[in-house]
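Working notes, structure below.
Quick note on labels: first sequence line is chain A, next is B, and so on, each numbered from 1.
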Amino acid sequence: MRTTASILHVDLDAMFAGVEQRDKPSLRGRPVIVGGIGGRGVVATASYEARAYGARSAMPVAEARRRCPPGTAYLTPRFPAYRRTSQVVMGLLAELSPLVEPVSIDEAYVDLAAGDHDLTVAGVTALAAGLKARIAAATGGVTGSVGAGTSKLVAKIGSDLHKPDGLTVVVPGTERDRMYPLPVTTLPGVGPATAERLRRSGVHTVADLAAVGPADLLDWFGQAHGTALFRLARADDNRPVVAERETKSVSAEETFSTDIADRSRLGTELDLLATQVGGRLRTAGLSGRTVTLKARYFDFTTITRSTTRTQPTDDPQVITQAARRLLADVDVTGGLRLLGVGVSGLTEFAQDDLLSLLDPAADRPAPAGDDSGGPEPAVSDTPAGPQWRTGQDVCHDEHGPGWVWGSGRGRVTVRFEGPRTAPGPVRTFAADDRRLRPAEPPDWTGPG
DNA sequence: TCTGGGGTCCTAGGACCC
DNA sequence: TCTGGGGTCCTAGGACCC
């Protein structure tokens with residue numbers, strides 16, 4: 001357990017709505033709902049003005065419309081704009097420490113112990129206050145709530161304590177005092193099902209949970225979840241801040257505006273989804289062995305059917321064929337509300353692409369030549385490489401499109417395209433790496 | 001006007017192998 | 001006659017997070 005409050009959790013306040021209010025001054029001070037505005041849409045983010053009327057994330061937009069007054073704005077998400085704002089903030093965090101763990105487009109942990117900082121409570125408080133001011137200035141007024149503590153758990157709870165625009169440093173040694181009065185649902189991993197099971201046993205607060213014996217928790221929740229709850233209730237958390245995580249699966253799904261029972265239409269939708277998945281796999285340089293079909297019925301019951309191939313693939317046609325075979329065994333007579341396609345069991349490269357091993361002109365790298373510590377490319381006879389700017393769009397032969405996260409001392413750190421709502425992997429290159437080149441802004445940079 | 005879309009992790013049962 | 005165990009892989013479903 002750490003003895004200093006050296007982990008920060010940064011959480012941008014109602015970020016999607018905040019970006020919209022920044023870009024459209026007429027929306028400032030008004031309730032704003034960002035989400036799917038079709039018949040089956042849900043709220044992605046409600047501005048604090050809208051929350052005053054009871055609008056919440058994940059609520060059907062239809063319900064939010066009932067609650068919010070006339071004059072409320074209902075907007076479709078503009079992910080490119082949110083991503084740009086996210087990039088700016090992540091860049092600021094990267095200046096604090098090399099160890100930054102993005103959790104999502106609007107949230108990250110920072111390990112200050114990996115930087116050079118005064119880690120006293122006063123020092124961390126001043127640092128966090130300065131960070132908040134820089135975030136607001138650099139984003140044009142989007143605010144962030146910051147928590148600091150001796151663990152990820154405590155930092156996250158801290159950032160939640162005084163939202164929006166909050167700053168909470170949990171003084172080392174006072175973790176349990178701060179946590180015990182809070183509802184158990186404050187703890188990460190305590191969702192509706194866990195909360196209901198705890199409620200039935202009279203457990204409402206973190207203090208209540210800390211009083212439950214380990215045998216009961218294991219009995220109620222099984223090995224993994226029971227053990228986790230026992231530790232979290234005691235503020236016992238030593239999870240490290242991890243800068244980069246391996247992607248485990250890539251998927252795409254669509255909820256139809258009305259249920260579809262026609263097999264040929266479902267087949268067409270499946271092709272579209274498989275093409276998206278295959279394209280994203282290729283961009284990421286990944287391929288996978290298991291193809292999973294997901295189907296949801298009118299009553300929201302959801303089934304999955306999967307098949308595992310001998311060789312990994314990133315080929316949309318192969319994925320489509322596998323998914324179509326799985327769909328053939330699914331009863332669709334009552335219509336499907338949702339269809340999804342996913343690929344898991346991922347490896348770095350398509351191993352069934354034997355030609356790329358033999359053909360030096362193939363556009364895909366051979367497995368032996370990957371980016372981890374391999375030799376640098378041939379020395380360039382052109383002048384020194386470009387000057388990389390934070391936030392600049394770049395392209396890399398192996399990793400596809402990305403943007404500059406930080407640079408200096410002859411190195412440039414690039415975050416590559418990830419799934420739409422989450423940041424992708426981070427790689428560091430020599431600034432003159434010829435595989436790295438400035439990119440035209442991708443097609444999603446247009447307005448709205 | 002009921003319930004998005006992208007993920008992660010865990011459990012449990014059966015097949016299969018030694 | 002009667003029913004070993006452990007490990008791994010695969011499949012399906014569910015809880016949870018943002």
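Residue Glu254(A) is classed as a sugar-phosphate contact, given heavy-atom separations below 4.0 Å to backbone atoms only. Among the protein residues, Val190(A) comes within range of the sugar-phosphate backbone only, with heavy atoms under 4.0 Å from sugar or phosphate atoms but none that close to a base. No contact: Arg197(A) has no heavy atom under 4.0 Å from any strand. Within 4.0 Å of Lys294(A), counting heavy atoms only, lies no atom of the nucleic acid at all. Nucleic acid contact for Gly36(A): none, since no nucleic acid atom lies under 4.0 Å from a heavy atom of the residue. Using a 4.0 Å heavy-atom criterion, one finds that Thr292(A) contacts no nucleic acid atom at all. Note on Thr194(A): only backbone sugar-phosphate atoms sit closer than 4.0 angstrom, heavy atoms only; bases stay farther off. When heavy atoms are screened at a 4.0 angstrom cut-off, Ala44(A) is found touching no nucleic acid atom at all.
Taking every side-chain heavy atom of Arg280(A) into account, dG7(B) is the closest of dG7(B), dC16(C), dT3(B).
Taking the six-membered ring where tryptophan is involved, the planes of Phe16(A) and Tyr82(A) are essentially parallel, since the angle between them stays under 30° and well short of 60°.
Remark: dC18(B) base-pairs with dG5(C). Criterion, Watson-Crick or G-U wobble with two distances under 3.5 Å.
Remark: Tyr53(A) OH is loosely packed, at most 12 non-hydrogen atoms of other residues, nucleotides or ligands lying under 6.0 Å away. More than 12 heavy atoms of other residues, nucleotides or ligands shown are found within 6.0 angstrom of CZ on Arg239(A).
Rounded to the nearest Å, the gap between the P atom of dT1(B) and that of dC17(C) is 30 Å. Comparing dC18(C) with dC2(B), their P atoms sit 28 Å apart, to the nearest whole Å. Atom C1' of dG4(C) sits at a distance of 16 Å from the matching atom of dC16(B), rounded to the whole Å.
Nearer to the 5' terminus of DNA chain B, by closest-nucleotide assignment, is the contact made by Asp299(A) (compared with the other of Lys248(A) and Asp299(A)). With the nearest nucleotide of DNA chain B identified for both Pro60(A) and Val250(A), Pro60(A) has the one nearer the 5' end.
Spacing between atom CG of Asp106(A) and atom C1' of dG5(B) amounts to 15 Å, rounded to whole angstrom units.
The cationic group of Arg337(A) does not satisfy the cation-pi geometry with Tyr297(A), failing either the under 6.0 Å distance to the six-membered ring centre or the 45° limit from the ring axis.
For the pair Arg199(A) and Asp208(A), the salt-bridge criterion is not met [side-chain N within less than 4.0 Å of a carboxylate O].
Per the stacking criterion (ring centres < 5.5 Å, plane angle < 30°), Phe300(A) stacks onto the base of dT3(B).
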